[in-house]
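Here is how names work: the chains are called A, B, and so on, in the same order as the sequence lines, proteins then strands, and each is numbered from 1.
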Amino acid sequence: MAILVTPQTKLLVQGITGEFGARHAKLSLDYGTQLVAGVTPGKGGQFFEHGSHKVPIFDTVADAVKQTGATASAVFVPPPFAADAILEGVDAGLDLVVAITEGIPVRDMVRAKQAMAGSKTRLIGPNCPGIVTPGTGKDSHGGCRIGIAPGYIHKKGNIGVVSRSGTLTYEAVWQLTSRGVGQSTCVGIGGDPVNGTSHLDVIKLFMADPETKGIIMIGEIGGSAEEEAAEWIAKHGTKPVAGFIAGATAPPGRRMGHAGAIVSGGKGTAEAKIAAFKAAGIGIAVTPSDMADTLLKMM
Amino acid sequence: MPNRAGAESALFAENQTPLSPMNIHEYQAKQLLKQYGVAVPDGDVCKTPAEALAAAEKLVAAGHKMLVVKSQIHAGGRGKGTFKSGFKGGVKLCKTAAEAKDLAAAMLGNVLVTKQTGPEGRLVSTLLVAGAPNIKKELYLAVLLDRATSRPLVMASTEGGVDIEEVAEKTPEKIVKEQIDPALGFQPWQGRKIAAALGLKGDLANQCGKLLAGVYKTWWEADASMVEINPLCIIEGTDGKDQLVAVDAKIGLDDNALYRHKDIQAMRDLAEESPLEIEASKFNLNYIKLDGSIACLVNGAGLAMATMDIIQHYGASPANFLDVGGGASKDQVTAAFKIILSDPAVKAIFVNIFGGIMDCNVIATGIVAAVKETGLKLPLVVRLEGNNVVAGKKTLAESGLTLITGDSMADAAQKVVATVAK
């Protein structure tokens, strides 16, 4: 089952001919992901070649969807054009748009999110590592990898991972895999203040997914998305959840790398988030080294 | 996800402005607000006492009976600050142009210490000399992003001139919030609603609507992260009529959008920024100096924060936040070491890398080269995990460097804390 994507999901990559998009498109192909199309305006009719793969490139997302049946997209388009690329994916009727791009102006995302309200498309990100549903092959080969996460660290299994941070997700996944515990799906929701999918959205999907037996939720300072998720878990949670919050030592008023990771006006502190987790019965990993063990002890 | 860095995304870098966040001065914020039709007190920017005299004479001639001389630094608490010369107050009232000139002479070229500057203070090189109107009432106004709804939010309160966080905590009913539909923008009825909530009537209510629309437009058009007007004042104008003006103003900017605002980029005041942070941004490194003794070098913002946390968990303090991004080239690692080492408080270095896509051996080679180039003498603890980690660890082991390796993040953190605890 997994959530959001399965090994059968047909993926297209927007910005497939850029250096960054191309590199990760190749890694997704190597992982065995069904990458069926690329989109780069002006390069329609060409092919993206990698080993034995020959992926057709289209000028528009609508064309790519029509010709290949792709239902999901990874956006690797530079920041000034990324919100436009997201909306193009929404217009084309994709189920899922995963925006990897970091540095999209907040105003562009405020408009894009408003414009896509009511559409069938789910947006993940921006400024996120993407999604991985591990496959059954060696080093989880044969799974669906959308974005920039290292595929080989995964293992097919029953733990859901949701996080705002890329490297912390990898850390959690690796801790699980090294203990022989696999993952159903790993979702990076991104570190920006405006994102398409929240912790809570993903938690609900994991709770409803029969394959997922336990959840690791990784948050960080800024905003109140972790608190909202915790409040819902307290009322409706049916599976063990372990959590970690990064940024307890971050000084207020300073942005910790991620545009959204900032404590301002006393809001969004690690203390408040950890307290909300505790109140909801979420297991607290006291250090980032304990994320997997904290969850496994609860299961 | 820090895909911005180095080799991970040369593509993104060309479209991006420096990473260290940009702030602007009060006078610059007021210039922007004025462009969008927001009333601000009359005044001029001055760099010398002579300019302050001229500005003050102009204000007196225009009918102002009270003047204010305001130090322009990127920190709050100016009014209650003290100059290192012993002169008290970074914001001072006066009545005559001659007094304004004397105040300017006492402030310019001196270092002002406030509760927000830290003991090192900030050099005052610019002043705002403005009319100080007779204030009848102080209100509060801000526009910011409501993260819960992903929409702009206008916040207003009858309690101006004080710490709004305290108001929010003690008397939250005194803060009115109005969400703005980003597709429509600020609507006239929202202006009437807020004016009524602030108890404004007649002409003042009309002024309030116009001012709110202007403040919202400033937030939207300038790609601000926040526009805060505290206090927003009802004053007695030089014509005797009540007026609504932005007496103080603070604008925070969305760094991701600076590329499309050449005019705002020109407002950057590098003298207000940390030299180390400026240097770091040249190498696409995200560095923030902190007060501890253990320097960290990490890939990824989340992992970098978590590394700081784990150092604290084991009883020491981090000297910095440093995200080298998903890439971490040799040049970046070398630059990062140099920046870290220029902080004299640093007693040990903790390198924590999860090489997902990046080859750990490439990173290890970069670390070895950086250590040799910088002649590092401090204890160095390296935790390396991920792609090609065996080769990476071999490179470190065969380098002849006296570094300590950690198996897990916790193991490495305990080892680095132990080196400073000795």
Side-chain angles (χ1 to χ4, degrees), chain A residues 18-20 27 78-80 100-107 109-111 113-115 127-129 148-150 153 163-168 170-171 174 188 190-191 193-194 218 220-221 223-224 228 244 246-251 254-261 265-266 286-290, chain B residues 1-4 8-12 14-16 21 145 147-148 150-152 164-165 168-169 181-183 220 223 225 254-257 259-260 286 288 290 298-313 317-318 321 323 326 354 356-357 385-387 408-411 413:
Chain A
E19 185 198 332
F20 194 40
L27 289 168
I100 306 304
T101 310
E102 174 174 12
I104 304 177
V106 169
R107 189 177 82 189
M109 283 312 303
V110 165
R111 288 179 56 186
K113 197 169 172 185
Q114 173 81 7
N127 188 15
C128 78
I148 58 175
I153 62 169
S163 167
R164 282 206 234 171
S165 146
T167 36
L168 269 183
Y170 313 158
E171 186 76 41
W174 186 241
V194 175
I218 305 166
E220 60 193 37
I221 51 165
S224 57
E228 283 158 27
F244 176 73
T249 44
R254 293 304 306 266
R255 210 169 284 131
M256 295 286 119
H258 289 159
V286 287
T287 80
S289 270
D290 304 318
Chain B
M1 174 58 206
N3 52 33
R4 126 188 65 73
E8 273 303 270
S9 73
L11 163 76
F12 289 5
E14 65 192 21
N15 292 303
Q16 281 197 334
L145 172 75
R147 287 176 61 162
S150 300
R151 285 178 169 219
I164 196 67
E165 279 135 39
E169 200 178 307
D181 181 332
W220 183 262
D223 277 297
S225 54
D254 175 8
D255 302 329
N256 289 343
Y259 73 88
R260 57 189 175 200
N286 204 335
I288 295 171
L290 303 168
V298 190
N299 67 330
L303 192 62
M305 272 189 275
T307 304
M308 288 159 48
D309 297 346
I310 201 169
I311 288 170
Q312 176 141 310
H313 179 79
S317 295
F321 168 93
D323 171 15
F354 194 103
I357 302 297
E385 190 57 83
N387 188 14
S408 70
M409 214 170 148
D411 178 45

- May I ask you to name which of A/Ser163, A/Ala261, A/Gly260 has the most heavy-atom pairs under 4.5 Å with chain B? A/Gly260
- Task: Might you confirm whether atom CZ of A/Arg111 has over 12 heavy atoms from other residues, nucleotides or ligands at distances under 6.0 Å?
- Result: no
- Query: Once the angle between the rings of A/Tyr170 and B/Phe354 is folded into 0 to 90°, is it parallel (under 30°), tilted (30 to 60°) or perpendicular (over 60°)?
  - Reply: tilted
- Under the 3.5 angstrom rule, does the side chain of A/Arg107 hit a backbone N or O of B/Trp220 as a donor-acceptor pair? yes
- Message: If I take atom CG from residue A/Leu168 and atom OG1 from residue B/Thr307, how far apart are they, to the nearest 0.5 angstrom?
- Response: 8.0 Å
- Smallest separation among heavy atoms of B/Asp254 and A/Val106, with atom names: OD2-N, 2.7 Å
- Item | Atom group of A/Ile218 that falls short of 4.5 Å from chain B, counting heavy atoms | neither
- Query: Between CG of A/Asp290 and CE of B/Met409, what distance do you get to the nearest 0.5 Å?
  - Reply: 10.0 Å
- B/Ala304 versus chain A, heavy atoms under 4.5 Å apart: side chain, backbone, both or neither? neither
- Query: Taking all non-hydrogen atoms of both residues, which atom of B/Ala410 and which atom of A/Ser289 are closest, and how far apart?
  - Reply: N-OG, 2.8 Å
- Query: Would you find a donor on one side and an acceptor on the other, under 3.5 Å apart, between the side chain of A/Thr167 and the backbone of B/Asn299?
  - Reply: yes
- Is it the side chain or the backbone of A/Ala115 that comes within 4.5 Å of chain B heavy atoms, both, or neither? neither
- Task: State, to 0.1 Å, how close B/Ser150 and A/Lys113 come at their nearest heavy-atom pair, and which atoms those are.
- Result: OG-NZ, 3.1 Å
- Message: I'd like to check the salt bridge (charged side-chain N to carboxylate O under 4.0 Å, His left out) partners of A/Glu220; sequence neighbours left out, ordered by chain and number.
- Response: none
- Non-hydrogen atoms of chain A under 4.5 Å away: do they reach the side chain of B/Glu169, the backbone, both or neither? neither
- Query: Can you tell me if B/Asp309 uses its side chain to pair, donor with acceptor, with the backbone of A/Ala248 under 3.5 Å?
  - Reply: yes
- Nearest heavy atoms of A/Glu228 and B/Ala148, plus distance in Å: OE2-CB, 4.0 Å
- Query: When only pairs under 4.5 Å are counted, which of B/Asn387, B/Val298, B/Leu290 shares the most heavy-atom pairs with chain A?
  - Reply: B/Asn387
- Taking the side chain as C-beta and beyond, is there a heavy-atom pair between A/Arg255 and B/Asp255 under 4.5 Å? yes
- Message: Tell me which one of B/Met305, B/His313, B/Met308 satisfies side-chain contact (heavy atoms from CB on, under 4.5 Å) with A/Thr249.
- Response: B/Met308
- Task: Answer yes or no: is there a side-chain heavy-atom contact under 4.5 Å between A/Val110 and B/Pro152?
- Result: yes
- Shortest non-hydrogen separation from A/Pro105 to B/Ala257 and the atoms involved: CB-CB, 3.7 Å
- Query: Can you name the closest pair of heavy atoms from A/Ala246 and B/Gly302 and give their distance?
  - Reply: CB-O, 3.9 Å
- Is it true that a side-chain atom of B/Asp323 and a backbone atom of A/Gly257 form a donor plus acceptor pair closer than 3.5 Å? no
- Quick one: list whatever passes salt bridge (charged side-chain N to carboxylate O under 4.0 Å, His left out) with B/Asp181, sequence neighbours left out. none
- Could you check if a side-chain atom of A/Pro79 sits within less than 4.5 angstrom of a side-chain atom of B/Asn256, using non-hydrogen atoms only? no
